[in-house]
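Here is the structure we will look at, set down as structure tokens.
The structure displayed is predicted, hence computed values, not measured ones.
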Amino acid sequence: MSSKFAPLQNDTFLRALLRQPTDYTPLWLMRQAGRYLPEYCATRKRAGSFLGLAKNPDYATEVTLQPLERYPLDAAILFSDILTVPDAMGLGLYFAEGEGPKFERPLRDETAVKALRVPEAGALQYVFDAVTQIRTELNGRVPLIGFSGSPWTLACYMVEGGGSDDFRTVKTMLYQRPELMHHILKTNAAAVAAYLNAQIDAGAQAVMIFDTWGGVLADGAYQAFSLAYMREVVSQLKRDKDGVRVPAIVFTKGGGLWLEQIADIGADAVGLDWTVNLGEARARVGHKVALQGNLDPNVLFASPAQIRAEATKVLTSFGAPQAGTGHVFNLGHGISQFTPPEAVTVLVETVHEVSRGLRGNS
């Protein structure tokens, strides 16, 4: 029951996603709990490794809350990794020092692909425990976002065995053996939908699908191998929990070209990277979805005056929200680990102050 959690004190983020009026533009940051914060680095050191941090609900709760202690952000996002799902499928996730995530058993042949199964729910229980613990500790301060990688983005890592510069292995499979790729994607879509629904059951108040690598696909391939499977996930999501709407956000990095098609898959909001003009995007989607984004993360290396100017540009580009539109301010992708923490202070203050002014609420 919802009664086990404290009532929400700041629902601005959820209202913006649902295109309802807000007093100001809410703000959160992709990777807001991360290496740019010294307190995160200290906790990670105690945990011994990234996976030690992500798989321990106490540590995951601690680092999720750290940015909210420092900044008046309007949402918390679960601290986890998109690769928890393929790890639970038995691919053997590990992190090589300085090299990022790798899989011991990537999907390289027909036998491995055909053996792929949706993970048992218990394999990801540590994530759901963290969601419940974070939601409890938040005590109603701001909403909690749950998330997953998109079926295509997960497949990229699962076939490549890690990150990639050219996606040669996964794209070779896509063109040469499309039936194998569709088998992976169908399995991933079922796993992602179940994973997000379990996060909602555990206490997530909004969910986001990160399609980090959708933008590397050719037109046509994007629709068939990424968008279709995100639509499948969205169609299976629980959209209400205890009588309260649970909004869904989808984000394809490099997907601005396909904005109208992304807005049609049934999500409440679409995330945008910094290559898209927000005002034009608003005109393109009309009253169909809210928009999230889209400051270039590297703006945060500039001077305070420049950070203020660039954040103001994003807000004025969208304009004052009218009935049936919504804007959540964010970066166009994850915050850099080298970002000075004080730059985020400038950003948060600017967004809240300027967006109130745009609504005549200064």
Whether Lys171 and Asp166 form a salt bridge (side-chain N of Lys/Arg under 4.0 Å from carboxylate O of Asp/Glu) is what I want to check.
no

Backbone of Leu18 reached by a side-chain donor or acceptor of Asp268 within 3.5 Å
no

Relative to each other, are the rings of Phe210 and Phe147 parallel, tilted or perpendicular (30° and 60° limits)?
perpendicular

salt_bridge(Lys238, Asp201) N-O dist < 4.0 Å:
yes

Using the test ring pair (Phe, Tyr, Trp, His ring centres under 6.0 Å), find all partners of Tyr59 that sit at least two apart in sequence or belong to another chain.
none

Locate the shortest heavy-atom distance separating Leu83 from Pro101; write the atom from each residue and the value.
CD1-CB, 3.4 Å

Would you say the side-chain atoms of Gln133 and Asp58 include a donor-acceptor pair closer than 3.5 Å?
yes

ring-ring contact (aromatic ring centres under 6.0 Å, His included) partners of residues 286-317, not counting sequence neighbours, each pair once:
none

For residues Trp213 and Ser150, determine if any side-chain heavy atom of one lies less than 4.5 Å from a side-chain heavy atom of the other.
no

NZ/NE/NH1/NH2 to OD/OE distance under 4.0 Å, Lys55 and Asp87
yes

Start with the C-alpha gap between Val170 and Met181, add the side-chain angles, then the distance that decides, and say whether side-chain contact (heavy atoms from CB on, under 4.5 Å) holds.
CA-CA 8 Å; Val170 71; Met181 183 52 63; 3.5 Å; yes

Given side chains that start at C-beta, do those of Ile262 and Thr252 come closer than 4.5 Å, heavy atoms only?
yes

Check whether Ser317 reaches the backbone of Gly279 with its side chain - one donor and one acceptor, N or O, closer than 3.5 Å.
yes

Looking only at atom types and distance, does a side-chain atom of Arg19 sit under 3.5 Å from a main-chain N or O of Gly326, one as donor and one as acceptor?
no

Do Leu37 and Phe338 land in one hydrophobic cluster if side-chain heavy atoms of ILVMFWY residues count as linked below 4.5 Å?
no

Drop me the distance from Arg44's CZ to Glu62's CD, to the nearest 0.5 angstrom.
14.5 Å

Side-chain ion pair, Arg141 and Glu69, N-O less than 4.0 Å:
yes

Roughly how far, to the nearest 0.5 Å, is the OG atom of Ser336 from the CG atom of Leu300?
9.0 Å

Show me the pairs that pass ring-ring contact (aromatic ring centres under 6.0 Å, His included) and involve residues 237-270, at least two apart or across chains.
Tyr222-Trp258

Using every non-hydrogen atom in the two residues, find where Asn10 and Pro143 come nearest and quote the distance to one decimal.
O-CD, 3.3 Å

State, yes or no, whether a side-chain contact exists between Leu144 and Leu138 at a heavy-atom distance under 4.5 Å.
yes

Do Ile82 and Thr153 have side chains that get closer than 4.5 Å, going by heavy atoms?
yes

Run the numbers on Phe318 and Phe329 for ring-ring contact (aromatic ring centres under 6.0 Å, His included), then give the verdict.
CA-CA 10 Å; Phe318 185 89; Phe329 195 101; over 10 Å; no

N-O pairing of Lys186 and Glu232 below 4.0 Å
yes

Expected output: side-chain Thr64 to main-chain Ala60 donor-acceptor under 3.5 Å
yes

Cluster check Leu73, Leu295: I/L/V/M/F/W/Y, side chain < 4.5 angstrom
yes

For Thr339 and Ile335, indicate whether the former's side chain and the latter's backbone hold a donor-acceptor pair under 3.5 Å.
no

Should Arg308 and Glu349 count as an ion pair when the cut-off is N to O under 4.0 Å?
no

Quick check: do Lys288 and Val270 have side-chain heavy atoms less than 4.5 Å from each other?
no

Just how far is it from atom CD1 of Ile307 to atom CD of Glu342, taken to the nearest 0.5 Å?
9.0 Å

Any link between Val244 and Leu14 through a network of hydrophobic side chains (Ile, Leu, Val, Met, Phe, Trp, Tyr) touching at under 4.5 Å?
no

Suppose the criterion is ring-ring contact (aromatic ring centres under 6.0 Å, His included): which pairs have a residue in residues 94-125, not counting sequence neighbours?
Phe50-Phe95

When you measure from the side chain of Thr316 to the backbone N and O of Gly319, does any donor-acceptor pair fall under 3.5 Å?
no

Could you report the tightest heavy-atom contact between Pro151 and Ala189, atom names first, then the distance?
CG-CA, 3.7 Å

Can any side-chain N or O of Thr136 pair as donor or acceptor with the backbone N or O of Thr132 at less than 3.5 Å?
yes

Using the side-chain contact (heavy atoms from CB on, under 4.5 Å) rule, take Leu29 and Tyr71 through it: C-alpha gap first, then chi angles, then the decisive distance, then the call.
CA-CA 11 Å; Leu29 305 175; Tyr71 313 112; over 6 Å; no

Ile249 and Gly271: which non-hydrogen atoms are nearest, and at how many Å?
CG2-N, 4.2 Å

Set out, in order, the CA-CA distance, both residues' side-chain angles and the distance that settles side-chain contact (heavy atoms from CB on, under 4.5 Å) for Phe13 and Ile145, then state yes or no.
CA-CA 10 Å; Phe13 165 72; Ile145 306 165; 3.6 Å; yes

With sequence neighbours excluded, residues passing side chain to side chain donor-acceptor pair (under 3.5 Å) with Thr25:
Arg359

Flag if over 12 foreign heavy atoms under 6.0 Å of CD, Glu120:
no

Which atoms form the tightest heavy-atom contact between Ala190 and Val118, and what is the distance?
CB-CG2, 3.7 Å

Pair Arg177 + Glu179: basic N to acidic O under 4.0 Å:
yes

Provide the closest heavy-atom pair for Ala269 versus Leu17 in the form atom of the first, atom of the second, distance.
CB-CD2, 3.6 Å

Which value, rounded to the nearest 0.5 Å, describes the distance between Arg282 atom CZ and Thr325 atom OG1?
4.0 Å

Taking NZ, NE, NH1 and NH2 as the nitrogens, is one of them in Asp264 or Arg231 under 4.0 Å from a carboxylate oxygen of the other?
no

Looking only at side chains, do Thr61 and Glu137 share a donor and an acceptor under 3.5 Å apart?
no

Flag side-chain contact, heavy atom, 4.5 Å: His182 against Phe225:
yes

Interatomic spacing from CG in Asn330 to CG in Leu291 - rounded to 0.5 Å
12.5 Å

Check: Arg15 side chain, Gln20 main-chain N or O, donor-acceptor pair, under 3.5 Å:
no

How would you list, by chain and number, every residue that makes a ring pair (Phe, Tyr, Trp, His ring centres under 6.0 Å) with His352, sequence neighbours excluded?
Tyr24

Under-4.0 Å salt bridge between Asp211 and Lys253
no

From Asn294 CG over to Leu331 CG, what is the distance, rounded to the nearest 0.5 angstrom?
9.5 Å

Min side-chain heavy-atom separation Ile184-Asn188 under 4.5 Å
yes

Looking at side-chain heavy atoms only, is the closest gap between Leu180 and Lys114 below 4.5 Å?
yes

Could you tell me if Thr84 and Tyr126 have a donor-acceptor pair between their side chains, going purely by distance under 3.5 Å?
no

Is there a donor-acceptor contact under 3.5 Å from the side chain of Asn277 to the main chain of Glu280?
yes

Answer yes when Arg70 and Glu39 have at least one side-chain N-carboxylate O distance shorter than 4.0 Å, and no when they do not.
yes

